[in-house]
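Each residue takes its place number in the sequence, starting with 1.
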Amino acid sequence: LRQARAPGARRGERGVSERGPLAALAEVVRGHGRAWRVGGAVRDELLGRETLDFDLAVAGDVQAIARAFGRRAGGRAFQLSDQFGAWRVRAHQQDWQVDLTPLTGETLEQDLRRRDLTINAIARGLGGDDPPLIDPCGGVADLGARRLRSVGPESFRADPLRVLRLARMAAELGFTA
């Protein structure tokens, strides 16, 4: 596993520095709660794959964070799901996007334990140069072993379509299930 370079935004994009959208997002979140990068963005970073599609788990007012971030980054914020409270902020040039969802549990660890695969149940804070990983399900070890493993027995019962995602990820990443 290696550390990917920090994803950047295009030069001249309003409100986003060359450090990318996450730097602007970290500044916005400080005033509205806490947030962590989760899922595929963290997985891809650890695999050394660049991504401009970020997922955040938020403890705080998701709508306020999304709208403030959209204004700060010069992007467009819109609601993805009223049922799940999810919002998306997309760059006007559509070269990056950030999906924000409320925690699905009392804590970040509970949220991560409700995800599909261990390699998608890894989180990293937004602040600092190299915030620590939060990995309650052993996803980092599974990345190293190139193994796809469900977080728990409920993973596929809760959403049967996750089985299709498992097959797609096995093919895309060359991992074993």
Side-chain angles (χ1 to χ4, degrees), residues 1-30 34-58 62 65-66 68-78 80 86-101 108 111-112 115-149 151 162 164-177:
L1 303 180
R2 63 187 184 121
Q3 194 73 16
R5 68 178 178 79
R10 296 191 194 286
R11 287 181 186 250
E13 185 173 333
R14 195 179 92 216
V16 174
S17 73
E18 287 189 26
R19 294 182 302 160
L22 294 180
L25 185 57
E27 293 172 13
V28 169
V29 168
R30 280 188 210 111
R34 295 188 67 195
W36 300 266
R37 286 180 286 153
V38 294
V42 177
R43 176 198 67 228
D44 288 349
E45 173 190 353
L46 294 172
L47 290 173
R49 297 169 44 159
E50 185 173 351
T51 185
L52 295 171
D53 183 1
F54 304 97
D55 295 318
L56 268 69
V58 176
V62 175
I65 292 171
F69 175 54
R71 285 189 302 273
R72 169 80 168 78
R76 192 173 131 249
F78 55 94
L80 280 177
W87 282 72
R88 175 172 287 166
V89 179
R90 179 174 284 166
H92 285 298
Q93 293 84 4
Q94 298 187 12
D95 57 348
W96 57 259
Q97 72 180 25
V98 178
D99 290 348
L100 302 97
T101 57
L108 175 63
D111 179 278
L112 294 173
R115 293 179 180 269
D116 56 356
L117 302 170
T118 61
I119 64 169
N120 293 329
I122 307 168
R124 186 181 288 259
L126 291 176
D129 290 335
D130 192 21
L133 291 170
I134 301 158
D135 181 22
C137 302
V140 172
D142 287 340
L143 280 173
R146 303 185 61 78
R147 173 179 53 229
L148 297 174
R149 186 169 54 92
V151 168
R162 287 177 167 175
L164 297 175
R165 186 168 185 222
L166 173 71
R168 179 184 60 82
M169 293 194 69
E172 178 183 327
L173 298 173
F175 283 19
T176 58

*Please examine the side chains of Phe175 and Leu143, heavy atoms only from C-beta on, and report whether any two atoms are closer than 4.5 Å.*
yes

Checklist entry - Going through the checks in order, is the side chain to side chain contact (heavy atoms under 4.5 Å, CB included) test met by Asp142 and Leu117? => result CA-CA 10 Å; Asp142 287 340; Leu117 302 170; over 6 Å; no

Original post:
Where do Val98 and Trp87 land on the side chain to side chain contact (heavy atoms under 4.5 Å, CB included) test, with the steps shown first?
Top reply: CA-CA 8 Å; Val98 178; Trp87 282 72; over 6 Å; no

Looking only at heavy atoms, the pair that brings Gln94 and Arg90 closest together is CG-CD, 3.5 Å

- Message: Is the shortest side-chain heavy-atom distance between Leu25 and Leu56 below 4.5 Å?
- Response: yes

When every non-hydrogen atom of Ile134 is compared with those of Leu112, the smallest separation belongs to O-CD1, 3.9 Å

Minimal heavy-atom distance between Phe69 and Pro21, with the atoms involved, is CE1-O, 3.5 Å

Shortest non-hydrogen pair, Ala123 vs Val38, comes out as CB-CG1, 3.8 Å

Problem - Test log, rule side chain to side chain contact (heavy atoms under 4.5 Å, CB included), inputs Leu22 and Leu126 - result: CA-CA 7 Å; Leu22 294 180; Leu126 291 176; 4.2 Å; yes

Interatomic distance, CG@Leu80 vs CG@Leu100, rounded to 0.5 Å, equals 9.0 Å

Residues at least two apart in sequence or cross-chain that pass side-chain contact (heavy atoms from CB on, under 4.5 Å) with Asp111, listed by chain then number, are Ala57, Leu103, Thr104, Arg115

Task: Check: Thr101 and Asp55 side chains under 4.5 Å, non-hydrogen atoms - done: no

Closest non-hydrogen atoms of Pro131 and Arg37, given as atom of the first, atom of the second and distance, are CG-NH2, 4.2 Å

Those residues at least two apart in sequence (or on a different chain) that pass side-chain contact (heavy atoms from CB on, under 4.5 Å) with Glu172 are Arg49, Arg168

In this structure, CG of Asp116 is separated from CZ of Arg165 (nearest 0.5 Å) by 4.5 Å

Given the options Thr176, Leu166, Thr118, Arg149 meets side chain to side chain contact (heavy atoms under 4.5 Å, CB included) only with Thr118

message = I'd like to check Asn120 versus Arg43 (side-chain heavy atoms, cut-off strictly below 4.5 Å). Are they in contact?
response = yes

For Pro136 and Ala121, the nearest pair of non-hydrogen atoms, with its separation, is CD-O, 3.9 Å

Practice item. Take Leu46 and Leu133 through the test side chain to side chain contact (heavy atoms under 4.5 Å, CB included) and record every step on the way to the result. Key: CA-CA 10 Å; Leu46 294 172; Leu133 291 170; 3.9 Å; yes

